Q: 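The structure under discussion is supplied below as structure tokens; questions concerning it will follow.
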Number of protein chains: 2
Amino acid sequence: MPFNSFEHYPMSWKPDKTQLQRPLYRSLAQLLEHDITHGFLAPGTKLPPQRELADYLDVNFTTITRAYKQCELKGLIYGVTGNGTFVAANAARSVTISKERDSNRYIDLGFVASFEQTNDLVTEVIKDVVEKSYLEELLNYNDPSGIPHHKLAALNWMQTLGINASPEHVAIVSGAQNALTIALLALFEPGNRIAVDLYTYANFIEVSKMLRIRLVPVLGDECGMLPESLEEQCSLLNLHGVFLMPSCANPTTIMMPEKRKVELAQIIQKHRLILIEDDTHAFLSAGIIDHYGQPMYQLLPEQTIYICSTAKSICSGLRVAYIVFHEAFKNKMLKAMYNVNVKTSSLDVEIVTQLILSGKANAIVAMKKELAQTANKTFNEFFPDVSKTGHPLSFFRWLPMARDVDETSSEKFFLKQGVRVFHSNRFLSGNHTGDNFLRVALSSTPSLQELRAGLEMLKKILDECN
Amino acid sequence: MPFNSFEHYPMSWKPDKTQLQRPLYRSLAQLLEHDITHGFLAPGTKLPPQRELADYLDVNFTTITRAYKQCELKGLIYGVTGNGTFVAANAARSVTISKERDSNRYIDLGFVASFEQTNDLVTEVIKDVVEKSYLEELLNYNDPSGIPHHKLAALNWMQTLGINASPEHVAIVSGAQNALTIALLALFEPGNRIAVDLYTYANFIEVSKMLRIRLVPVLGDECGMLPESLEEQCSLLNLHGVFLMPSCANPTTIMMPEKRKVELAQIIQKHRLILIEDDTHAFLSAGIIDHYGQPMYQLLPEQTIYICSTAKSICSGLRVAYIVFHEAFKNKMLKAMYNVNVKTSSLDVEIVTQLILSGKANAIVAMKKELAQTANKTFNEFFPDVSKTGHPLSFFRWLPMARDVDETSSEKFFLKQGVRVFHSNRFLSGNHTGDNFLRVALSSTPSLQELRAGLEMLKKILDECN
DNA sequence: TGATTTGTGACTTGACATTTC
DNA sequence: AGAAATGTCAAGTCACAAATC
């Protein structure tokens, strides 16, 4: 019997007792999930304490623990010992970012594309590839992890980014997102915890949720994740891995200096974490920015899954990424790769390979850098006060907003006025901070004119609201 | 305190008590996994009953339950209420089937390829595609689930297989295996159960293990899965789905007659299971075999994920498969698709599309059918006594072996003598049956001569052993 | 600082179902 | 046919750790 009446102590969530079925914990978890996804419980809402809700429902409090846990693994809620359980920032909606069809109704500064203007250079190479005598050889099941000469080209490409590895430890997959999914499936189990930046790649948040991998937000500064903060989380929780984008973090554009990489590597080594290093933007840093240093893979080759996508640097539609891993991870990685893809189209990989070998990939990179530089300059014209501490060639920018806005209405608000941008809450790995940013893509408009138009629109909207 | 001495009742598995750490169940699960994967516990071994082992270790018996369960979810062991817990048939090794590089050292009748001789027709079309004015449009992030005209071609193709659907319910992914992974990720949770044939697609077993989805073997006859047996499992356990390959089951080559499909559909409907229909081989059945009927998707459109790969029918290396699903599954499927792939290379899809629209895909299918017919005839020459109840145009055959063989030595035994084939144990979804088969691929040798040589070798080996 | 609130998670209890004998 | 063996699973107990006040 409940020894207390809750009529006078309104709980933030009062599940309908009559709807409960056995097993109770599952039924309860479903009710909670329903109420969150249908908007009855707003993000950030503090749920009733386990014991209190248990009392109200007249069940044991660990039955609530179990129900909460099921939702926690799905990323719907999170608990803080001693403090309470809260609805997660991105519980109600999918933060998945994808290219949408109807993008001619607005200017898209949301999705980060890759200055697709350079794709005509790719078509040239495609035309060369189809004349190759071995074209037919690219159409069968052979070499699921990559044809040897494709792997050599991959190493060739990654060498310019600072990677030294052997062909046996390289595999070719279908893009960075595909690589992330494969790495998570291969090396982590449901319930495992991975440390991430407070703001991190939205699609990584989504795939982690799907695989029931828990993300642990770690504080950072203008140089990226804070080593002491990671250390703290390690001692607090049983972490299994850490996800980093040292060459240019998405969405914050932070490029990690060599010193920070070394400090973090020490912590990672000490706690034997698996580092997933998404180095998609290395081509904008290596050999260009003085203090860039090297990928963290070189510091921790035995613990790192290094992912190098060619989607941003060379061609997005061909879906080719390279993974580099240590011998210890090889079998698991190859198995997961096989389970997910069987193989990646050798035709697509051949095109990327020829782009690399012919030097045209470098030409494309040069063009993209140029485009990125102009785009960033244009952004600075409109928003001169925005801190320039981030990566100077980033394909997107991170725009602080002074005022406090409702997150969903915010994106909609801009969209309604003709420009798509993403609010920082979409990238939140943990709870709300109160800060507000917009991620503004610079690489998705087909022309500089359109980018300019988009930025002008954005500035006008922001000015009007202040 | 243990109230019994086990000195006199030798248990099949005696974990070292001194190695146990807290938490006990996890430590125990690790020990068990280690002993299984390192071969100390052979497949089929009956493990000590939970209560007995608990008594021996002086722990509560549900601690053993938990440890066993963790291993069960990984597919290492399986429990039968009232009977015991056993080491799974394929616990120790990966049954993943892939194309290996060194296949010139033996004749490969193991991996099922797709008569790659037809790929020169594909190269012709590739050359046409690169001349298209819209080539550049294929190289960006647009239309992650497939370009509209690619979806129309997909529907066009699937219509000949008996599918009627609308473009909004079609998505294009990177091959059938990719489609399976996406469907499992989108619609099932770790711990869910899916009914499968006793012998089923080996890579489906692997991906299920990886995702902690439990397979429930269901009895079948020469027409496929038995409806009463499925019904029985439904009432026994909480099933969430069923996986079927009605047009030609791999590895058994069974083609399900229409009557059986209808009977199974009733059960599936009644119990609200999700049907995953892998219809890869429909192109060998629809319009060719009288009593073939239609895909089960047409019987149960609201509950079916229909997968149609073009790898076997058109071209294996391009990695294109179509998925058809009901509106109710759409959001989850698109999200999982996006999380796993972002998109499938539009260039590859365009090639397949042009193959379909130009009629060359049909020409390829005609050639493959011809090749399959000849290959099957050749097989019949060597093994005239083998039942011909299976699919007459199957790309592989299912060869019963009279004698009892050790499973691992068996595949090795053939391989050592120059021919790669797969033993039936590789396809076992549940426990050993005592029966022995070989799956013999007919579509992987580059020529009929080599197939003949392989079959001859195989026959000789089998004869010598009898 | 120390008591209280709150979440976490391992282990225990007990009901129940099936299989075997 | 019924008792015993055996696995499954939800729910309960309990120790503990962190945050709050």
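Lettering follows sequence order; numbering is per chain, from 1. Just so you know, these numbers use all the heavy atoms, side chains as well, and skip hydrogens, waters and symmetry mates. All figures in this text were calculated on a predicted structure; none of them were measured in a lab.
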Q: Less than 4.0 angstrom from a charged side-chain N to a carboxylate O is my criterion; do B:Asp221 and B:Arg260 meet it?
A: yes

Q: Report yes if at least one side-chain N or O of B:Thr85 is closer than 4.0 Å to OP1 or OP2 of D:dG7; otherwise report no.
A: yes

Q: Is A:Asn60 touching bases, backbone alone, or none of the nucleic acid, heavy atoms closer than 4.0 Å?
A: base

Q: Using whole Å, report how far NZ of B:Lys69 lies from P of C:dC11.
A: 16 Å

Q: Given atom CZ of B:Arg66 and atom P of C:dT13, what is their separation to the nearest angstrom?
A: 12 Å

Q: Can you tell which of D:dC14, D:dT6, D:dC9 lies closest to the side chain of B:Pro49?
A: D:dT6

Q: To the side chain of A:Thr62, which of D:dG12, D:dA11, C:dC11 is closest?
A: D:dG12

Q: Using a cut-off of 6.0 Å, state whether more than 12 heavy atoms not belonging to B:Lys74 lie near its atom NZ.
A: yes

Q: Roughly, in whole Å, what's the span from CG in A:Leu236 to P in C:dG7?
A: 16 Å

Q: For B:Thr81 and for A:Glu232, find the nucleotide of DNA chain D with the closest heavy atom, then tell me which residue's nucleotide is more 5'.
A: B:Thr81

Q: Does any part of the side chain of B:Phe243, heavy atoms only, come nearer than 4.5 Å to the side chain of B:Thr200, both counted from C-beta?
A: yes

Q: Between atom OH in B:Tyr68 and atom P in D:dT6, what is the gap in whole Å?
A: 11 Å

Q: If you assign A:Val80 and A:Gln21 each to the DNA chain D nucleotide with the nearest heavy atom, which residue ends up on the more 5' nucleotide?
A: A:Gln21

Q: Describe the nucleic acid contact of A:Arg26 in one word from base, sugar-phosphate, nothing, applying a heavy-atom distance below 4.0 Å.
A: sugar-phosphate

Q: Go through it in stages, so that I can follow the logic: the residues are B:Ile268 and B:Val242, the test is side chain to side chain contact (heavy atoms under 4.5 Å, CB included), and I'd like the CA-CA distance, side-chain angles, deciding distance and then a yes or no.
A: CA-CA 8 Å; B:Ile268 293 168; B:Val242 52; 3.6 Å; yes

Q: Taking CG from B:Asp58 and C1' from C:dC11, how many angstroms apart are they, rounded to a whole number?
A: 13 Å

Q: Between C:dG7, D:dT8, C:dG9, which one does the side chain of B:Arg193 approach most closely?
A: D:dT8

Q: Would you say a side-chain N or O of B:Thr63 is under 4.0 Å from OP1 or OP2 of C:dT12?
A: yes

Q: Grab the CZ-C1' distance between A:Arg51 and D:dA19 for me, whole Å please.
A: 14 Å

Q: Rounded off to whole Å, could you give me the CD1-to-P distance for the A:Ile64 and C:dG7 pair?
A: 10 Å

Q: One thing to verify: whether B:Lys69 and B:Glu72 come together as a salt bridge, which I'm taking to mean a side-chain N less than 4.0 angstrom from a carboxylate O.
A: no

Q: How long is the line joining OH of B:Tyr25 and C1' of D:dG7, in whole Å?
A: 19 Å

Q: Side-chain N or O of B:Asn83 versus OP1/OP2 of D:dT6: is the shortest distance under 4.0 Å?
A: no

